[in-house]
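Beneath this line is the structure, given in structure tokens, with notes to follow.
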Amino acid sequence: MTAVTDQDPTEHTDQPDDDARTSDARSTDGRSADARIADGRSAGARCADSRSADGRSADARKAERAARTDSPSPSTSPSPSTSTSPSPSTSAEAWDDGLIARRVNDTAEGDRFPMTDNRSAAPQTVTPLVYDGALRSRLEALRELVGLSRTRLDSRTLSEAGRVLDEASARRRLSGQHTVIAIAGATGSGKSQLFNALAGVTISETGVRRPTTAAPIACSWSDGAASLIERLGIPPRLRRRPLPTGDGESPLRGLVLIDLPDHDSAAVQHRRHVDRILALVDAVIWVVDPEKYADAVLHERYLRPMAAHAEVMFVVLNQIDRLPGEAAEQVLDDLRRLLDEDGIALGEYGEPGTTVLALSALTGDGVGELREALGQFVSERGAPNRRISADVDIAAARLWPVYATQRRTGLSEQAREEFSDRLADAVGATAAGEAAERAWLRNANRACGTPWLRLWRWYQDRGEPSTGRLPGRTQSEEEATARQRVEQAVRTVSDRASAGLPSPWAQAVREAAVRGSQGLPEALDELTARAGVPAGRPPRPGWWPLAVLVQASMTILQFLGGLWLLGQIIGVMAPNLGVPVLLMVIGIVGGPLIEWSCRMAARGPARRYGLEAERRLREAAAGCGRARVLDPVAAELLRYREVREQYGRVVGTGR
């Protein structure tokens with residue numbers, strides 16, 4: 001059996017008042033009388049002490065043993081009228097929690113054990129918790145994921161992940177030799193009774209008044225758990241320690257057991273205590289009774305959301321002494337069915353999962369099995385790692401919609417080329433190339449054409465009325481059309497880049513594209529002016545001078561033939577029509593023939609000149625669009641790939 005002291009020896013709490021004294025009233029016939037214990041913290045607390053057969057009180061015998069130990073001279077037995085002053089760690093003080101005056105019946109004398117004052121013991125060195133390599137990697141990935149996502153996701157979305165990181169960091173700095181387990185249950189389920197049964201001594205108050213447990217009570221089986229209990233916000237006056245009686249180390253060494261208020265209590269503060277502490281403990285023992293084991297509040301509010309914590313949960317069916325025959329097994333099977341529907345893995349046949357037991361805290365039936373399971377569970381010291389790992393699983397599941405995608409994302413080369421083509425169309429790259437080609441051909445025609453044809457074309461252009469021409473598009477209309485094409489190109493590429501992305505990242509990609517499109521039409525206009533068709537005449541190939549010379553020769557032949565004929569007509573020269581006519585025919589036919597030949601020869605260079613002009617304009621437009629739109633969009637996609645990789649590490653897939 002065990003006994004209980006106020007707190008962990010490593011905690012610093014107020015010492016009991018020195019003037020607390022116990023007086024024993026002795027009757028002349030040796031029978032026990034009620035002893036009144038006055039405590040400076042809780043006036044009115046009463047405790048009845050049973051008398052031994054020789055008429056001395058238990059406190060008197062303790063004082064006698066203490067005197068034998070502390071004094072070198074033998075001590076004499078106290079007289080019946082002697083008053084003894086108990087040590088600060090007396091039973092009355094240890095049981096008093098400062099709030100409730102506990103009453104112990106005379107029949108409980110056989111269950112009470114001597115108390116030892118451990119507050120003078122030296123504090124033990126607390127070994128911090130060490131996470132395993134896989135969990136450390138997942139926590140680092142989660143921290144990196146939150147850091148990369150702060151500018152893209154709202155704080156509410158990242159709040160759960162941030163809380164897990166904070167709690168994991170706080171738990172890592174605390175003791176790794178202890179396992180904090182909370183006992184939770186509904187009103188009347190008997191969780192406080194089970195708490196006392198596991199401790200082996202009455203620590204938490206039980207009774208018919210509901211709710212009975214108003215505040216969490218902590219019980220630690222070993223030293224060094226003070227910081228863990230302080231993290232739960234449990235004050236020193238509500239901390240207890242059952243101590244071994246000297247028959248060996250307790251099998252529950254390292255256990256810190258927390259008795260919680262009722263999770264369905266009418267008091268809002270009680271439910272807040274439950275929700276707050278359940279988020280901090282390493283494991284939970286859910287205590288249900290045959291009447292409320294299928295309660296919807298329990299399953300929907302607690303068990304189902306905590307399905308990922310199956311490996312750090314115990315579900316105990318209490319009060320089986322109230323069930324006749326095989327009814328306990330039937331209820332237990334139905335409880336397993338409900339847990340399976342909640343998505344909770346059951347630890348059966350050696351598989352990891354929730355341990356389901358049936359017991360009676362009142363009769364003690366099955367309590368030993370639970371104590372053995374808890375002893376093995378605590379000795380493994382893996383609950384904190386499994387609890388934090390399950391918290392990371394839940395946080396990752398909640399972040400799934402904002403990171404996961406079922407299709408390949410990003411910009412393909414085809415989408416990039418189409419965007420460049422749209423920008424090139426917006427700046428008129430094709431038209432500019434065609435204009436450059438026409439300019440080259442026009443220059444070739446001017447250089448190699450016949451004078452008469454050029455004169456005729458000049459006359460036609462001059463004589464044609466302006467009203468007969470089709471009105472051209474104004475500059476403002478062309479600019480508006482170009483701006484619409486640019487906006488359409490940006491909208492198309494942003495839609496393709498954001499396709500398949502989760503909503504926050506798709507929105508970020510679209511916003512990056514819109515920011516880049518601001519001022520893009522003006523930048524394209526400036527590039528068009530710089531990289532368009534160069535001013536002046538196109539360059540001439542090497543054969544142009546020869547073609548011009550031959551064309552001039554043809555013209556000269558026409559003039560010579562004509563002058564020769566004119567001289568024959570006026571009688572200056574001898575009549576001879578053959579030679580002048582031949583010269584004129586050669587000049588008249590040869591001039592257009594040379595012009596046609598030059599035009600055919602000029603098509604290739606003109607085409608190349610136009611394509612070069614179009615290429616320069618396309619590259620300029622593509623470079624401007626890449627710098628202003630594609631690069632910011634690619635940066636957002638790269639950031640998403642980074643967070644997607646970190647998310648894969650968080651969920652453990654490594655993708």
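All residue numbers in this chain count up from 1 along the given sequence.
The side chain to side chain donor-acceptor pair (under 3.5 Å) contacts involving residues 424-436 comprise T430-E614, T430-R618, where partners must be two or more places apart or lie in separate chains. Residue pairs meeting the salt bridge (charged side-chain N to carboxylate O under 4.0 Å, His left out) criterion with at least one partner in residues 136-149, sequence neighbours excluded, are R138-D393.
Here E341 contributes atom CD and L303 contributes atom CG; the two are 12.5 Å apart, rounded to the nearest 0.5 Å. Atom OG of S220 is separated from atom CG of L255 by 8.0 Å, given to the nearest 0.5 angstrom. A distance of 12.0 Å separates CD1 in I285 from CE in M313, rounded to the nearest 0.5 Å. Atom-to-atom distance recorded for F419:CZ and L630:CG is 5.0 Å, nearest 0.5 angstrom. To the nearest 0.5 Å, the span separating CG on D391 from CG on L142 amounts to 10.5 Å. Here L174 contributes atom CG and L228 contributes atom CG; the two are 5.0 Å apart, rounded to the nearest 0.5 Å.
Looking at R276, R231, R172 one by one, the single match for salt bridge (charged side-chain N to carboxylate O under 4.0 Å, His left out) with E167 turns out to be R231.
With hydrogens and angles ignored, the 3.5 Å screen pairs a side-chain donor or acceptor of T354 with a backbone N or O of A310. For S169 (side chain) and D166 (main-chain N/O), no donor-acceptor pair under 3.5 Å exists by modelled atom type. Under the 3.5 Å distance criterion, the side-chain polar atoms of H270 are left unmatched by any main-chain donor or acceptor of L260. Between the side chain of S137 and the backbone N or O of G133, no donor-acceptor pair lies under 3.5 Å. For Y131 (side chain) and A168 (main-chain N/O), a donor-acceptor pair under 3.5 Å exists by modelled atom type. The backbone N or O of Q376 lies less than 3.5 Å from a partner atom in the side chain of S379, making a donor-acceptor pair.
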### Task
Would you check, one step at a time, whether the test side-chain contact (heavy atoms from CB on, under 4.5 Å) holds for Y640 with V509?
CA-CA 10 Å; Y640 171 73; V509 168; over 6 Å; no
### Query
Stepwise, does the side-chain contact (heavy atoms from CB on, under 4.5 Å) test hold for R510 with D495?
CA-CA 7 Å; R510 287 191 289 266; D495 290 342; 4.3 Å; yes
### Task
Output, in order, the C-alpha distance, side-chain angles, deciding distance and verdict of side-chain contact (heavy atoms from CB on, under 4.5 Å) for D282 and R171.
CA-CA 9 Å; D282 301 326; R171 183 64 181 92; 3.0 Å; yes
### Message
Run L298 and Y293 through side-chain contact (heavy atoms from CB on, under 4.5 Å) and show every step you take.
### Response
CA-CA 8 Å; L298 172 64; Y293 72 92; over 6 Å; no
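In this structure the side chain of I344 never reaches within 4.5 angstrom of the side chain of V315, judged on heavy atoms. Contact of the V490 side chain with the V514 side chain is not registered, since no non-hydrogen atoms from C-beta on lie closer than 4.5 Å. Between F314 and L374 there is a side-chain heavy-atom pair separated by less than 4.5 Å. Taking the side chain as every heavy atom from C-beta outward, V284 and H309 never approach each other to under 4.5 Å. Looking only at side-chain heavy atoms (C-beta outward), L278 and Y302 come within less than 4.5 Å of each other. Two residues are said to be in side-chain contact when any heavy atoms from C-beta on lie closer than 4.5 Å; S175 and P128 fail this criterion. Looking only at side-chain heavy atoms (C-beta outward), V288 and D295 stay at 4.5 Å or farther from each other. Residues L232 and V281 meet the side-chain proximity criterion, which asks for heavy atoms closer than 4.5 Å.
Under the rule for a side-chain hydrogen bond (donor to acceptor under 3.5 Å, both in side chains), the partners of E619 that lie at least two apart in sequence or sit in another chain are R615. Listed by chain and residue number, R304 satisfy the salt bridge (Lys or Arg N to Asp or Glu O under 4.0 Å) test with D342 (two or more places apart in sequence, or in another chain). Under the side-chain hydrogen bond (donor to acceptor under 3.5 Å, both in side chains) criterion, T127 pairs with no residue, sequence neighbours left out. Scored by the salt bridge (Lys or Arg N to Asp or Glu O under 4.0 Å) test, R301 finds D275 as partners (sequence neighbours excluded). Here E348 pairs with R336 under the side-chain hydrogen bond (donor to acceptor under 3.5 Å, both in side chains) rule; sequence neighbours left out. Here S149 pairs with L145, L153, L158, Y403, W505, V643 under the side chain to side chain contact (heavy atoms under 4.5 Å, CB included) rule; sequence neighbours left out. Under the salt bridge (Lys or Arg N to Asp or Glu O under 4.0 Å) criterion, E380 pairs with R386, not counting sequence neighbours. Residues forming a side chain to side chain contact (heavy atoms under 4.5 Å, CB included) with A512 (at least two apart in sequence, or on another chain): R515, P632, E636. In this structure R163 satisfies the side-chain hydrogen bond (donor to acceptor under 3.5 Å, both in side chains) test together with E160, sequence neighbours excluded. Residues meeting the salt bridge (Lys or Arg N to Asp or Glu O under 4.0 Å) test with E418, sequence neighbours left out: R496.
A salt bridge does not link R422 with E487: none of the charged nitrogens is closer than 4.0 Å to a carboxylate oxygen.
Smallest separation of non-hydrogen atoms from L637 and A497: CD2-O, 3.6 Å. Heavy atoms only, all atoms of each residue included: P305 and I394 are closest at O-CD1, 3.9 Å. The two residues P216 and I277 make their nearest non-hydrogen contact at CG-CD1, 3.3 Å. What you find for A513 and V633 is that their closest heavy atoms are CB-CG2, 3.9 Å. Shown here for P352 and A345, the closest heavy-atom pair between the two residues is O-CB, 4.2 Å. Scanning both residues, L423 and A621, for their nearest heavy atoms gives CD1-O, 3.7 Å.
Inspection of the Q507 and E511 side chains reveals an N or O donor paired with an N or O acceptor under 3.5 Å. Side chain to side chain, Q488 and R485 fail the donor-acceptor criterion of an N or O pair below 3.5 Å.
No more than 12 heavy atoms of other residues, nucleotides or ligands lie within 6.0 Å of CZ in R603, so this atom counts as exposed by the packing criterion.
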